[in-house]
There are 2 protein chains.
Amino acid sequence: MRIGELSRRTGIPVRMLRYYEERGLLTPERAPSGYRRYAEADVDRATLVSSLIRSGLPTRLILPLLRDPYGPVAGGTPGDEGGEMVALFTAELARLDDRIACMSLSRDAVRRHLRLRRARARAER
Amino acid sequence: MRIGELSRRTGIPVRMLRYYEERGLLTPERAPSGYRRYAEADVDRATLVSSLIRSGLPTRLILPLLRDPYGPVAGGTPGDEGGEMVALFTAELARLDDRIACMSLSRDAVRRHLRLRRARARAER
DNA sequence: CTTGACTCTCACATCGATGTGAGACTTTAC
DNA sequence: GTAAAGTCTCACATCGATGTGAGAGTCAAG
């Protein structure tokens, strides 16, 4: 499928799909015309990438994370001394846990606030 | 207390504490010298602000959210037709829920990946 | 008083994620 | 074949959160 359809099906702006490619996270074939041709599997992949990015994962971590399930890293990315990457991902995991906790708090705060506003709105009627 | 101490006690960079003030989220007194003087309560407040911001809440929503518990909005902020704010906060709540879900997924992905890497590292020994 | 640590303001730099517009080519529908 | 819609690349713009440095004043300890 072409980029427009993928965009429609994933809800991800065309601009971002191209951006993912620039980052090496999505690597569509090219038609002779130069148009990108995405595989069916890219629907899921793009969605995952989008999720990861929206979660604040740096794209340079997303790549190894994605590549992995599709074949072991076989000696590792150049410059990747196993331990280093493990440390990076561990840190990222901590960051995620932290942020999730923090967002849960925020959500509660917003929820509380919303209830307050609604109550007030009701009272004013 | 002065800004440095608040920074130490909250872990928030001095720069950010000033930024919060610029955004109207924290409004310390000023000593005659011009130095900011923070109240004890600002430790909590700054922490909350930091959480909210890290959660991606736009600062313009944080202000009304914070002000509220400290005295009802009394007619509302100028230009705030209740309903509008409620809509904004509702949208924000949805966004938060969405992001939390999305980050949970990401966390699981990272966790899985981390286990994989560790297993591989063990295998190589 | 002097010095070192703090603080002030201001302004510019950066960084990642996005938007946007220009100019040119491709595909599709008629 | 023509027009409309889609796509391409490139490059510049924006936006929020931060960093950073300059130049000047303040505070506390000796």
Item to check | Sequence-distant partners of B/T90, side-chain hydrogen bond (donor to acceptor under 3.5 Å, both in side chains), two or more places apart | outcome: A/R118
Checklist entry - Got a sec, which residues hit salt bridge (charged side-chain N to carboxylate O under 4.0 Å, His left out) with A/R8, two or more places apart in sequence or on another chain? => result none
Item to check | Any pair counted as salt bridge (Lys or Arg N to Asp or Glu O under 4.0 Å), so long as it reaches residues 10-19 of chain B, sequence neighbours left out | outcome: none
Checklist outcome for this item: For B/R36, the salt bridge (charged side-chain N to carboxylate O under 4.0 Å, His left out) test, sequence neighbours excluded, returns B/E21
Checklist entry - How does protein reach along nucleotides 24-30 of chain C, written 5' to 3' as B (base within reach of a heavy atom under 4.0 Å), S (only sugar-phosphate), or - (no contact)? => result --BS---
Item to check | Residues touching DNA chain D, which here means a heavy atom under 4.0 Å, drawn from residues 95-110 of chain B | outcome: none
Next on the checklist: What's B/P13 touching, base or sugar-phosphate or nothing? Going by heavy atoms closer than 4.0 Å.
Outcome noted: sugar-phosphate
Next on the checklist: Which residues pass the side-chain hydrogen bond (donor to acceptor under 3.5 Å, both in side chains) test with A/R54, not counting sequence neighbours?
Outcome noted: B/D98
Checklist entry - Just how far, in rounded Å, is C1' of C/dA5 from CD of B/E5? => result 15 Å
Item to check | Partners meeting salt bridge (charged side-chain N to carboxylate O under 4.0 Å, His left out) with B/R60 (sequence neighbours left out) | outcome: none
Checklist entry - With sequence neighbours excluded, what pairs up with B/T59 under the side-chain hydrogen bond (donor to acceptor under 3.5 Å, both in side chains) test? => result B/R23
Checklist entry - Which residues pass the salt bridge (charged side-chain N to carboxylate O under 4.0 Å, His left out) test with B/R9, sequence neighbours left out? => result B/E5, B/E40
Next on the checklist: Taking ring-ring contact (aromatic ring centres under 6.0 Å, His included) as the definition, give me every residue that meets it alongside A/F89, ordered by chain and number, with sequence neighbours left out.
Outcome noted: B/H113
Item to check | nucleotides 9-16 of chain D: protein proximity per nucleotide (B base, S sugar-phosphate only, - neither; heavy atom, under 4.0 Å) | outcome: B-B----S
